[in-house]
**Student:** 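Structure provided below as structure tokens; questions to follow.
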Amino acid sequence: MKKETVIVLDFGGQYNQLIARRVRENGVYCEILPYTTSLEELKEYEPKGIIFTGGPNSVYLEESPHYTADILKLDIPILGICYGAQLMAYMGGGTIAHAPTREYGRVELTVTRPESRLFQEVRQTSVCWMSHTDYISVAPEGFTISASTANCPCAAMEYPEKKLYAVQFHPEVTHTEFGRQILKNFLFEVCGLSGDWKMDSFIEDTVAKLRAQIGDKGVVLGLSGGVDSSVAAALLSRAVGKQLTCVFVDQGLMRKGEGDLVEQTFTGMFDMNFLRINCQEEFLSKLKGVTDPEEKRKIIGTEFFNVFWDEIRARYQDGFFAQGTIYPDRIESGKGDAATIKTHHNMVKPPKDVHFAGIIEPLKDLFKDEVRAVGEKLGLPKELVWRQPFPGPGLGVRVIGEVTAEKVHILQEADAVLRDEVAKSGYEDSLAQFFAVLPGVKSVGVMGDARTYEYVVAIRAVNTDDFMTADWARIPYDLLGRISNRIINEVDQVNRVVYDITSKPPGTVEWE
Ligand code: XMP
């Protein structure tokens, strides 16, 4: 049986991925398609519901994203959001007007049609989130207005017989008080879905599909120790066991103990061939004398692919190549064009002289939180499933200036103390990312009666939702004090610890 699918038709709004996540939170499988998808292609998904997203434009502009009005005649429930609502009105023959001022932010919403399926269990007046200049001034024939705000006479409209619904506000953002309820009502009251899409069925279905696709061939996967490639490895191991080989290139630039954790996890807990290539020396020799951050990144990236592909070229070309691409990697958010592929470290194109039977991306339809849920169900340790983001070039960009084995070691030790103290304090879950940096400068200190001249360690801790902006974390002073004392006492060649109190912007999260 085909799984129940809802299509989010992307007209370029900024919350498109959020809409899809909200749908999936209700146990309904959902995909984002660009508005350039033809009606025929869209029908192949046999969607049980369609959501038109917001978008930045006015429907009357020629360059604005449009769609054939035939979509309204499919007898499939549709919910239009913001621009999507206006588009539905425009397609149905209604009128859109340009307001003199933009309505933005929290606004009081009044439900004027309480019997509406969309507004079941929604209070008559509540707060919603608006962000628009244009509004529906005349609803199309057959539509009834079902909610309004002070400045927006048609904040919601519907044509229940045709299963068409539209809201000018954004139900997907948390500021809309009953937003989740409204989306839930669309899925269950309007579309009549069962909400039975769960991670268990994802694992079973994917394992069966992987087995059928792979047959008796081999699969090779580049394991970085990050969440996505680790979960992909665990899933493939469940599907084909020893037919899977994971290649883990350890550049010697991970945090203390992380390389060993990856090795122990995959050799100890999962059935697969595991190959760890230790190549710190090669990486460091390439980095000798290099101080420019961009050059360091380039060298580390190039060297990584050289080592990896040399190994693959020599041994594993007959079977499949797997990688941990996840859904957001494939979506260019906010461009109304979900088909565009981002260049991203998760998506690697094999060099021209390496040939595979095919590429396998078992997580390509999942969001990060769903990937984590799958990882937990497959029994991956918490440290891997909830691992903080870690830059591809690793500690190479946290040792400022030239990278040497000694500096990497000092940084790993200081960073391990930081992690230990933060974990003990129970403060870990409230930080998005935290780590130590070795700025590479020395300062004067005094220990006992002797003058010292040793390294400074900087501590960085940030809170953020998306890493595009970030605020420095207000870590309690006593915790900072313990971290500083322990680093100076336990890590050789360090005599000073400082705390980075720079937000992003103007700073970045990493120092390089
Ligand atoms: P910045 O420093 O740009 O970091 O504010 C934002 C987030 O991205 C991570 N980061 C990287 N991740 N390769 C990666 O895969 C990189 O080169 C890289 N540089 C930064 C950083 O750790 C933070 O989470």
Side-chain angles (χ1 to χ4, degrees), residues 222-232 248-256 258-259 262 283 286-287 290-305 307-308 323-331 333 341-349 363 367-369 371-372 383-401 403 408 411-412 414-415 418-419 422 428-440 458-473 499-512:
L223 194 61
S224 69
V227 185
D228 305 340
S229 65
S230 296
V231 175
F248 172 44
V249 177
D250 187 350
Q251 310 145 315
L253 297 172
M254 293 183 92
R255 299 171 95 168
K256 187 180 179 184
E258 279 187 329
V262 172
F283 273 74
K286 294 269 187 266
L287 288 168
V290 182
T291 54
D292 178 70
E294 279 313 302
E295 208 179 324
K296 280 160 63 176
R297 264 166 212 273
K298 230 192 256 161
I299 291 171
I300 296 170
T302 308
E303 186 61 14
F304 177 86
F305 289 114
V307 172
F308 182 72
Q323 54 186 344
T325 315
I326 69 170
Y327 200 41
D329 297 337
R330 300 194 294 133
I331 310 246
S333 162
I341 289 173
K342 274 201 273 184
T343 38
H344 189 282
H345 67 286
N346 265 351
M347 298 180 72
V348 175
K349 256 208 185 126
L363 308 175
F367 288 103
K368 196 81 171 189
D369 47 348
V371 171
R372 291 202 163 109
E383 298 95 297
L384 279 183
V385 172
W386 291 100
R387 193 171 176 233
Q388 295 177 39
F390 188 65
L395 300 184
V397 292
R398 291 183 183 166
V399 169
I400 312 307
V403 186
V408 169
L411 180 57
Q412 281 176 331
D415 187 78
L418 166 70
R419 279 198 284 166
V422 172
E428 198 165 15
D429 291 343
S430 59
L431 298 174
Q433 194 175 7
F434 63 94
F435 52 87
V437 175
L438 194 72
I459 306 297
R460 181 73 162 141
V462 294
N463 276 317
T464 171
D465 288 328
D466 57 8
F467 294 92
M468 307 291 281
T469 61
D471 197 9
W472 60 277
Y499 187 54
D500 181 352
I501 51 167
T502 319
S503 294
K504 173 185 179 176
T508 50
V509 175
E510 303 288 345
W511 278 34
E512 281 199 336

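Reckoned from all heavy atoms, side chains included, excluding hydrogens, waters and symmetry mates. Positions are given from 1 along the sequence. Atoms within a ligand are numbered from 1 in the order they appear, just like the ligands themselves.
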**Student:** At a 4.0 Å threshold, what atoms of ligand 1 neighbour a non-hydrogen atom of Pro393?
**Tutor:** 13 (N), 16 (C), 17 (O)

**Student:** Does Arg460 come within less than 4.0 Å of Glu510, counting only side-chain N to carboxylate O?
**Tutor:** no

**Student:** Indicate, as side chain, backbone, both or neither, the part of Gln433 found under 4.0 angstrom from ligand 1 when only non-hydrogen atoms are considered.
**Tutor:** side chain

**Student:** Is it the case that atom CG in Asp465 sees more than 12 heavy atoms from other parts of the structure closer than 6.0 Å?
**Tutor:** no

**Student:** Given side chains that start at C-beta, do those of Ile400 and Leu438 come closer than 4.5 Å, heavy atoms only?
**Tutor:** no

**Student:** For atom 12 (N) of ligand 1, which of the options Gly396, Pro293, Pro391 provides the nearest non-hydrogen atom?
**Tutor:** Pro391

**Student:** Short N/O distance, under 3.5 Å, between Arg398 and ligand 1?
**Tutor:** no

**Student:** Would Val509 count as a polar contact of ligand 1, with the cut-off being nitrogen or oxygen pairs under 3.5 Å?
**Tutor:** yes

**Student:** What atoms of ligand 1 come closer than 4.0 angstrom to any heavy atom of Pro389?
**Tutor:** 24 (O)

**Student:** With heavy atoms only and a cut-off of under 4.0 Å, state how Ala470 meets ligand 1: side chain, backbone, both or neither.
**Tutor:** neither

**Student:** Below the 3.5 angstrom mark, is there an N/O of Gly392, backbone or side chain, next to an N/O of ligand 1?
**Tutor:** yes

**Student:** Against heavy atoms of Lys504, which atoms of ligand 1 measure under 4.0 Å?
**Tutor:** 1 (P), 3 (O), 5 (O), 6 (C)

**Student:** Give a yes-or-no answer on whether the side chains of Trp386 and Asp429 include a donor-acceptor pair shorter than 3.5 Å.
**Tutor:** no

**Student:** List the steps and the verdict of side-chain hydrogen bond (donor to acceptor under 3.5 Å, both in side chains) for Trp511 and Asp500.
**Tutor:** CA-CA 10 Å; Trp511 278 34; Asp500 181 352; 2.8 Å; yes

**Student:** Going by the order shown, which atoms of ligand 1 are within less than 4.0 Å of some heavy atom of Thr508?
**Tutor:** 1 (P), 2 (O), 5 (O)

**Student:** Assess whether a salt bridge exists between Lys296 and Asp292, defined as any Lys/Arg side-chain N lying under 4.0 Å from an Asp/Glu carboxylate O.
**Tutor:** no

**Student:** I'd like to know if Glu294 and Arg297 make a salt bridge, using a cut-off of under 4.0 Å between side-chain N and carboxylate O.
**Tutor:** yes

